[in-house]
Protein chains: 2
Amino acid sequence: MTQKSGIAAVAETAGVSVSTVSQVLSGNRPVSEATRAKVNAAIAELGYTPHPGARSLRSRRTESIALLVPDITNPFYPLVAVGMQDVLLPAGYLLSILDAGSQSGTGRLLGHVLERRFDGIALHIDGLSDADRARLAESGTRVVALGRDIGIEGSDYVESDDAGGFAKLGEHLLGTGRRRIGFIGGEEESDPSRLRLGGLRQAFAGAGLDYDDASTVFTSFTRDGGRDGVAALYERRTDWDAIVCANDLIAIGAMDELRRRGLSIPDDVAVTGYDDIDAAALVHPSLTTVENPAREIGRTAARLLLTRLAGDGDDAPTQHITLSTRLVVRDSTTSPIPQER
Amino acid sequence: MTQKSGIAAVAETAGVSVSTVSQVLSGNRPVSEATRAKVNAAIAELGYTPHPGARSLRSRRTESIALLVPDITNPFYPLVAVGMQDVLLPAGYLLSILDAGSQSGTGRLLGHVLERRFDGIALHIDGLSDADRARLAESGTRVVALGRDIGIEGSDYVESDDAGGFAKLGEHLLGTGRRRIGFIGGEEESDPSRLRLGGLRQAFAGAGLDYDDASTVFTSFTRDGGRDGVAALYERRTDWDAIVCANDLIAIGAMDELRRRGLSIPDDVAVTGYDDIDAAALVHPSLTTVENPAREIGRTAARLLLTRLAGDGDDAPTQHITLSTRLVVRDSTTSPIPQER
DNA sequence: CTGAAAGCGCTTACAG
DNA sequence: CTGAAAGCGCTTACAG
């Protein structure tokens, strides 16, 4: 008995050929019951685990999927991850979550991610330069985009109806008599920021009102961003009666800063968020927001990826799935009549 | 020009041997400036990316590390992940976060994780059976344990001073006159639950008081767990004046349920958490808790792993690093005199 | 139903 | 400083 390892060792102790071991492992061709039993016994005896490197070297598959997120501490993304796992684990894929640390970090991490040859990758394409996008396309890695079309042949995308959600928020605020409405976006170059602002504009237009561009500031999709955004808005004017924020984290930061300035919510200023993370119901006053179906986004993205991975892929037309959103009215907007401080 | 791919294609267009290309890539032996330039030009021209499977097949290394967490939607873990990335990315390692979905899921996911042959793996060992632990040890994968010794030769561990933190919480509550103190743990078999309860006991002992075992219930480390825990405690008696929860999520759920029962916090009952997640400062009343230095735990774990990976490993004695914790007093405990409801 | 053999894309002694 | 060759552990035609 020589010092073989891996599949060769299994073959030797089972008294069969290496190919046969491989076949019982993969199930790619019929193996007699007796042989299968011998092989499985040998596998158990030796505690054999296939080497994924060797396997992927031949099969060109890694059976693993990456989710590349701009900020894993934003509670939206863990939910997307959980949704993807719901679908991927039963299908035999391992999901790796990779944190870029910031929107602009996504491009920086992309090279590392492509090197690893994941079978598929889900990502928010904001923060990707055109060059990054081209690299992704060339890599041949299956991509599913979260939030917007990435413009690669055969790459599907899932989004929630951001514009519709912000239109509902806008209608709600206008309906309660608010008129001096400011908007705090995330990164200016980001599509969610634009789409969400677009929804708000749409609400204004629907009510026959003009939206003033000077009511918009851009920061980042973080709590700090919300603080900065309020500061920037109040440099422009001080009579805001509502602040619409591009996500809940921004809204929570905005509330911090408004309170620090001695303003009362919602009496002086209403505040709204987006995503409906757990914290939205926990802050005081509780935050009016829009439910962004994060887990369902994850599930859908995973299913799209699996479908492409199973078929031969590029032939099918690009799929674009939009998930609807739901307005969640809470205390941060519900007092329609401004009172004195 | 034949249809070579990978390193062979690079070698061909650069006019050098395959080994030379490998050497400029790895830097494992000196290469002349001129040769290096030719090779790099060819790499750029072909858009060559090394195949990680082939590489790991020979080198026995994957340059990737896994963080296996019981629940990625618990905001504690994303922070640990960020801390690990702080250290790993500059060192050339990719961190994959893997979500077990629950404490008991950790064992189930372990097999998948070991198969992938990560160079190192960081995990909370709660939820691991002895068999799982044995599998880990046999796999030869570098392990760093979060929270407690895993009992594998050469495996280090990082913990925060849970017992100390709960002793401080206990002293704080006893110091404000609370005496009927209930404890809601997470999973009963989990070490954090036991350690944290131990800290509370220690505070009682320090004050010359007895802690009643009937004051303890175990649920799970989730918001739902907190709701269930309160229900269980109030089946036993109804005159609690403080509820100590094993983490912030439990505490938030406990507050939900106390409020539903018409109890006022902290006037009727004080509530405390552990971790100091963002939500702790956002709930109303804000939650007295203990800061658990999640990001620093991640950084430390990553450093321990890298040190083992760099050296030849097992010779060095097991390292055990304890990070101190800090009491954060907020509104959920600050009204010492019980009032009527 | 089973086996022998080629080859996936690298790294690493070995030789010069 | 550079190259030819073996081999890491698998999968997959090819043959029987």
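Computed from a prediction, not measured in an experiment: that's the story for all the values here. Naming: A, B, ... by sequence-line order, numbering from 1 per chain. Hydrogens, waters and symmetry mates play no part in the numbers below; they use all other heavy atoms, side chains included.
The distance from atom CD1 of A:Ile43 to atom P of D:dC10 is 10 Å, rounded to the nearest whole Å. Here the P atom of nucleotide C:dT2 and the CD atom of A:Glu33 are 10 Å apart, to the nearest Å. We find that NE2 of B:His51 is positioned 12 Å from P of C:dT11, with the value rounded to whole Å. The interatomic distance linking B:Tyr48 (OH) with C:dG9 (C1') rounds to 7 Å, in whole Å. Atom CZ of B:Arg117 is separated from atom P of C:dC10 by 20 Å (rounded to the nearest Å). Between the P atom of C:dT11 and the CZ atom of B:Arg61 lies a distance of 14 Å, rounded to the nearest Å. Nucleotide D:dG9 holds its C1' atom 14 Å from the CD atom of B:Glu115, rounded to whole Å. Taking atom CD on B:Glu63 and atom P on C:dT11, their separation rounds to 10 Å, with Å as the unit.
Dashed line: the shortest gap from a side-chain N or O of B:Arg60 to OP1 or OP2 of D:dG9 is under 4.0 Å. The side chain of A:Thr20 contributes no N or O atom lying less than 4.0 Å from OP1 or OP2 of C:dT2. Between C:dT11 and B:Arg55, a contact under 4.0 Å exists linking OP1 or OP2 to a side-chain N or O.
Not counting sequence neighbours, the partners of A:Pro192 by the side chain to side chain contact (heavy atoms under 4.5 Å, CB included) test are A:Asp126, A:Asp162, A:Ser190, A:Arg196, A:Phe221. Judged as a salt bridge (Lys or Arg N to Asp or Glu O under 4.0 Å), and not counting sequence neighbours, the contacts of B:Arg299 are B:Asp86, B:Glu296.
Within the 4.0 angstrom heavy-atom criterion, no nucleotide atom of any strand lies near A:Val21. At a threshold of 4.0 angstrom between heavy atoms, the contacts of B:Ser32 are confined to the sugar-phosphate backbone, with no base atom among them. Nucleic acid contact for A:Ser22: base, since at least one base atom lies under 4.0 Å from a heavy atom of the residue.
Using cut-offs of 30° and 60° on the angle between ring planes, the pair B:His124 and B:Phe76 is tilted.
The listed nucleotides are C:dT2, D:dC10, C:dC1; the one nearest the side chain of A:Pro30 is C:dC1. Comparing C:dC10, C:dA4, D:dT2 against the side chain of A:Ser19 picks out C:dA4 as the nearest. Proximity note for B:Gln23 (side chain, C-beta onward) versus D:dC10, D:dT12, C:dA13: the nearest is C:dA13. Distances from the side chain of B:Leu57 to the nucleotides C:dG9, C:dC10, D:dT11 place C:dG9 closest.
Inspection of the A:His51 and B:Glu115 side chains reveals no N or O donor paired with an N or O acceptor under 3.5 Å. Of the N and O atoms on the side chains of B:Ser22 and B:Ser19, not one donor lies less than 3.5 Å from an acceptor on the other residue.
The shortest side-chain heavy-atom distance between A:Ser160 and A:Ile297 falls under the 4.5 Å cut-off.
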Step by step, would you call B:Asp156 with B:Arg308 a salt bridge (charged side-chain N to carboxylate O under 4.0 Å, His left out)? CA-CA 9 Å; B:Asp156 306 313; B:Arg308 292 279 178 187; 2.7 Å; yes
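In this structure, B:Ile152 and B:Thr318 approach most closely via the heavy-atom pair O-OG1, 4.5 Å.
Taking 3.5 Å as the limit, the base of D:dG9 and the side chain of A:Arg58 contain no donor-acceptor pair of atoms between them.
For the pair B:Val18 and B:Thr35, nearest-nucleotide mapping onto DNA chain D gives the more 5' position to B:Thr35.
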Would you sketch DNA chain D in dot-bracket for me? Only Watson-Crick or G-U wobble pairs with both distances under 3.5 Å count, crossing pairs as [ ], other-strand pairs as |, the rest as dots. |||.||||||||.|||
